Amino acid sequence: MDNVEEEKKSLNFIEQIVEEDLKEGYSSDSLKFRFPPEPNGYLHIGHAKAICLNFGLGERYNSPVNLRFDDTNPSKEEQEYVDAIKYDVNWLGYQWDAECYSSDYFQQLYDWAVLLIQNGKAYVDSQSSEDMATQKGTPTKPGVNGPFRDRSVEENLDLFNRMKQGEFKEGEHILRAKIDMTHTNMLMRDPIMYRVMHKPHHRTGSDWCIYPMYDWTHGESDYVEQISHSLCSLEFKPHRELYDWFLDQVHDEKLRPKQREFSRLNLNYTVMSKRKLMQLVEENLVNGWDDPRMPTISGLRRRGYTPKSIRNFIDTVGVSKREQMIDVALLESCIRTDLNKTTNRIMAVLDPLKLVITNYPEGETEVVMADNNPEDENAGQREMIFSQEIYIERGDFLEECPKKVFKLGVGKEVRLKHGYIINGVEAVKDADGNVVEVKCTYDPKSKSGSGSEESKRKVKGTLHWVSASHNVTAQVNAYDRLFTVENPDGDKEKDFKEFINKESLSILKGCKIELALKDAKPHERYQFQRLGYFCVDNDSTSDHLIFNRTATLKDFWAKKK
RNA sequence: UGCCCGAUGGUGUAACUGGCAACACGUCUGUUUUUGGUACAGAAGAGUCUAGGUUCGAGCCCUAGUCGGGCAACCA
């Protein structure tokens with residue numbers, strides 16, 4: 001049955017490539033993938049695409065997937081990021097086969113570089129970066145050979161060795177591959193393989209003062225690990241030629257990895273580059289990498305997103321070679337679908353307005369039963385306390401309420417969910433004319449679940465509520481999109497930060513929550529009836545409850561207005 | 001004056017590799033509902049960037065354009 005459905009779903013182009021390879025002789029146990037983040041920042045939803053693609057392939061073909069940290073630039077990389085990345089990948093529900101580091105291969109890479117020098121395929125250049133840039137030409141103009149291009153093997157070997165020994169300052173010498181300065185692909189114009197860097201590395205400490213560049217490192221690392229399919233994003237397409245050239249230099253009879261490229265994921269109303277996300281964090285425009293407004297995995301987690309919803313989202317957007325600009329509405333749809341089935345419903349009043357039921361016996365309370373989740377028969381029921389004074393949502397009262405609007409008004413009735421049907425009598429106002437309290441009457445025979453005729457009446461609106469003396473006060477963080485425009489970095493004139501939505505966070509204090517949540521723990525998720533899905537924040541304590549709004553419910557009425 | 005990708009409803013992805021353009025999200029309309037949620041039923045919305053060509057037949061193949069993106073860091 002599962003197979004039938006599997007069969008029906010068409011393969012994405014990467015899966016088709018793998019299938020093709022399998023048909024043409026790859027054994028199924030030769031399949032191996034990898035996810036290769038650079039530990040210089042936190043993972044975001046775009047990385048989730050790469051993670052789900054690679055680990056998804058691993059699951060599909062029962063193949064190992066390595067987690068490889070591409071740590072060849074000690075000036076940007078930190079252990080903190082390594083730890084955060086591992087946490088995120090696990091959280092998404094994936095287990096890597098081996099935890100690898102490009103830095104594990106520094107010695108092997110060095111030995112191969114020596115081999116290239118010996119074969120006349122690499123040389124030490126000793127010019128300034130400006131001179132080298134000039135010689136490199138432009139996309140439309142071929143480059144020219146530099147003066148050190150024909151150094152002898154012996155001299156190159158000696159210089160390269162002394163680079164490694166730390167005899168030179170940064171920028172004095174670099175090692176370049178000797179390919180073709182007139183190549184139409186700029187990347188093939190004698191690309192740099194090593195630079196001198198007197199910086200401690202988060203793993204190798206001060207063992208090295210030369211560090212390999214990405215192009216030289218990546219393919220050879222794939223080769224060492226025997227990765228069959230090395231998947232990366234589209235901008236690396238031109239690098240493939242170089243990837244293959246470098247592999248040619250060291251390849252023997254072992255499996256030869258192949259690089260293939262797919263498009264990045266972009267979401268509207270946010271930015272997705274690590275550099276820009278870093279800026280938001282460093283300039284305190286958000287509260288850290290895990291700010292619930294951030295498109296980072298950690299941000300989404302704190303916001304209340306589930307791994308399942310993210311995986312489902314990634315599955316839905318697909319894999320192709322055209323730049324995707326996905327509507328956040330799709331992401332939201334994914335989390336709603338998940339949470340609708342799994343979260344218990346709770347009454348929470350975010351903007352409380354006191355309501356007094358004048359014909360309800362003063363000082364009396366009673367217990368009413370409430371379903372935890374109408375979508376889940378096994379979710380059971382809980383008790384709520386009903387009393388004469390309760391809170392309703394300020395926005396649910398309109399003194400003069402039109403028939404078509406399902407709210408409480410003076411002379412207009414409404415049902416209190418799991419409670420009684422009430423009828424508005426009077427709006428009590430302060431000196432400025434603000435409504436501070438609403439008086440109403442209730443129909444004692446209309447109690448929900450009582451089975452009475454009165455309880456079965458059709459009433460236009462149903463309100464959520466919480467007893468005025470039986471509740472817990474909480475803070476609710478209501479999040480909105482971080483940017484006011486669909487593509488904040490799409491404007492050439494304006495900086496993306498000019499489009500930041502100043503109302504992206506509304507902190508609501510004094511929210512009244514049903515007593516059942518008084519001991520709610522961080523990460524717990526609930527549906528606040530009629531409002532949306534909420535998640536207990538990391539910093540929440542029983543003394544100071546904090547909820548983050550994950551997503552609102554779909555609101556037909558809000559759109560209507 | 002170059003090289004490399006890409007182009008299918010508003011968005012994204014399909015189309016059994018040449019046979020009536022489908023699915024999801026979004027939008028709209030009903031039904032049900034003690035959440036203006038969910039569920040259910042239905043509708044609108046593209047004739048596949050353009051022009052040629054091959055073919056009985058082209059979104060798929062070929063040619064030439066157009067448009068969009070990428071390529072000149074001692075970044076990855």
Side-chain angles (χ1 to χ4, degrees), chain A residues 8-12 16 36-38 40 70-73 75-77 102 125 128-129 132-134 136-143 170-176 183-189 192-197 210-211 213-215 217-218 232 234-241 261 263 265 268 274-275 313 316-327 329-334 336-337 340-341 345 347 370-371 374-375 405-407 415-419 421 448-449 455-464 486 527-532 552-560:
Chain A
K8 268 194 170 170
K9 201 184 168 202
S10 53
L11 303 179
N12 66 47
Q16 284 175 23
E38 182 188 11
N40 69 343
D70 220 338
D71 56 350
T72 57
N73 185 358
S75 66
K76 289 186 181 175
E77 294 148 6
S102 296
D125 202 338
S128 68
S129 57
M132 283 191 282
T134 311
K136 200 157 191 176
T138 71
T140 55
K141 207 174 66 207
E170 293 185 11
E172 263 185 276
H173 303 282
I174 49 112
L175 184 76
R176 307 176 76 166
H183 204 286
T184 53
N185 182 348
M186 297 277 304
L187 291 159
M188 300 295 278
R189 323 240 258 229
I192 296 175
M193 295 172 68
Y194 276 93
R195 74 284 212 188
V196 175
M197 255 184 148
I210 55 172
Y211 291 95
M213 301 288 287
Y214 166 83
D215 286 300
T217 309
H218 203 91
C232 58
L234 237 40
E235 71 268 27
F236 289 98
K237 177 67 225 288
H239 294 247
R240 187 150 115 196
E241 202 171 8
E261 311 81 14
S263 67
L265 165 68
N268 61 9
K274 272 196 216 172
R275 210 193 89 246
F313 169 73
T316 306
V317 300
V319 182
S320 72
K321 295 175 81 164
R322 30 179 150 151
E323 284 299 331
Q324 321 179 295
M325 178 63 87
I326 310 288
D327 195 335
L330 183 60
L331 219 208
E332 287 168 0
S333 159
C334 289
R336 286 192 190 109
T337 302
N340 176 51
K341 292 279 186 236
R345 297 323 75 157
M347 304 266 213
D371 291 329
E375 300 291 317
V405 180
F406 303 170
K407 293 180 176 189
R415 184 192 299 275
L416 293 174
K417 178 120 184 143
H418 305 310
I421 295 171
S448 292
S455 71
K456 289 177 182 162
R457 282 175 49 218
K458 301 284 178 200
V459 178
K460 279 282 161 41
T462 300
L463 307 190
H464 58 280
E486 283 198 39
Q527 185 200 93
F528 288 179
Q529 206 104 51
R530 299 209 304 138
L531 297 174
T552 60
L553 254 31
K554 254 205 257 177
D555 193 347
F556 162 81
W557 184 243
K559 256 186 309 200
K560 203 81 174 172

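The model shown is predicted, which means the values in this text are computed figures rather than measured ones. Below, chain A is the first sequence line, B the second, and so on; all start at residue 1.
In this model, no donor atom of one side chain and acceptor atom of the other lie less than 3.5 Å apart for A:N40 and A:E77. Side-chain polar atoms of A:H218 and A:D70 form a donor-acceptor pair below 3.5 angstrom.
One finds a salt bridge joining A:E261 and A:R240 here, because a Lys/Arg side-chain nitrogen approaches an Asp/Glu carboxylate oxygen to under 4.0 Å.
Remark: A:S333 pairs with A:T337 by the side-chain contact (heavy atoms from CB on, under 4.5 Å) rule, at least two apart or across chains.
One atom, NZ of A:K321, and another, C1' of B:rG68, lie 16 Å apart when rounded to the nearest Å. Taking atom CZ of residue A:R322 and atom C1' of nucleotide B:rG70, one finds them 17 Å apart after rounding to whole Å. Regarding A:E241, its CD atom lies at a distance of 14 Å from the C1' atom of B:rG2, rounded to whole Å. Between the CD atom of A:E323 and the C1' atom of B:rC67 there is a distance of 16 Å, rounded to whole Å. Atom CZ of A:R240 and atom C1' of B:rC71 are 15 Å apart (whole Å). Across the protein-nucleic acid pair, A:E332 atom CD and B:rA24 atom C1' stand 16 Å apart, rounded to whole Å. For the pair A:N185 CG and B:rC4 C1', the interatomic distance rounds to 8 Å; values are reported in whole Å. Rounded to a whole Å, the CE atom of A:M188 is 14 Å from the P atom of B:rC4.
In this structure B:rA41 sits in a base pair with B:rU29, meeting the Watson-Crick or G-U test at under 3.5 Å. In a base pair of the Watson-Crick type (N1 to N3 plus N6-O4 or O6-N4) or a G-U wobble (N1-O2 and O6-N3), with each distance short of 3.5 Å, B:rA22 is matched with B:rU13. Pair assignment for B:rC60: none, as no Watson-Crick or G-U wobble contacts are both less than 3.5 Å. Across the strands present, B:rG2 finds its partner in B:rC71; the criterion is a Watson-Crick or G-U wobble pair with both atom distances under 3.5 angstrom. Pair assignment for B:rA46: none, as no Watson-Crick or G-U wobble contacts are both less than 3.5 Å. With a 3.5 Å ceiling on both atom-pair distances, B:rU8 lacks any Watson-Crick or G-U wobble partner.
Each of A:K458 and A:M325 was assigned the nucleotide of RNA chain B with the nearest heavy atom; the assignment lying further toward the 5' end belongs to A:M325. Taking the nucleotide of RNA chain B with the nearest heavy atom to each of A:V317 and A:T184, the more 5' of the two is matched to A:T184.
In this model, the phosphate group of B:rU13 is approached by a side-chain N or O of A:S320 to a distance below 4.0 Å at OP1 or OP2.
More than 90° away from 0 lies the glycosidic angle of B:rG37, which makes this nucleotide anti. Nucleotide B:rU17 carries a syn base; the chi torsion (O4'-C1'-N9-C4 or O4'-C1'-N1-C2) is within 90° of 0.
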| message | side-chain hydrogen bond (donor to acceptor under 3.5 Å, both in side chains), that's the test. Do A:R189 and A:H183 meet it? Break it down for me. | response | CA-CA 6 Å; A:R189 323 240 258 229; A:H183 204 286; over 6 Å; no
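Taking only distance into account, the side chain of A:Q527 meets the base of B:rU35 through a donor-acceptor pair shorter than 3.5 Å.
Distances were taken from every side-chain heavy atom of A:T140 (C-beta onward) to each of B:rG36, B:rG2, B:rC5; the shortest belongs to B:rG2. Residue A:S333 has its side chain nearest to B:rG26 when only B:rC3, B:rG26, B:rC5 are considered.
Contact annotation for A:H183: no contact, since no heavy-atom pair falls under 4.0 Å across all strands.
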Pairs under 3.5 Å (N/O, protein and nucleotides 72-76 of chain B):
unit_1, atom_1, unit_2, atom_2, d
B:rC74, N4, A:G171, O, 2.8
B:rC75, OP2, A:R195, NE, 3.1
B:rC75, OP2, A:R195, NH2, 2.8
B:rC75, O3', A:R195, NH2, 3.3
B:rC75, O2', A:N73, ND2, 3.1
B:rC75, O2', A:K76, NZ, 3.2
B:rA76, OP1, A:T72, OG1, 2.6
B:rA76, OP1, A:R195, NH1, 3.4
B:rA76, OP1, A:R195, NH2, 3.0
B:rA76, OP2, A:Y214, N, 3.0
B:rA76, O4', A:E38, OE1, 3.4
B:rA76, O3', A:D70, OD2, 3.2
B:rA76, N6, A:H239, NE2, 3.2

Atom pairs under 3.5 Å: protein N/O with N/O of nucleotides 38-40 of chain B:
unit_1, atom_1, unit_2, atom_2, d
B:rU38, OP1, A:K554, NZ, 3.4
B:rU38, O2', A:N340, ND2, 3.1
B:rU38, O2', A:E375, OE1, 3.2
B:rU38, O2', A:E375, OE2, 3.1

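Minimum heavy-atom separation, A:A558 to A:D555: N-OD1, 3.1 Å.
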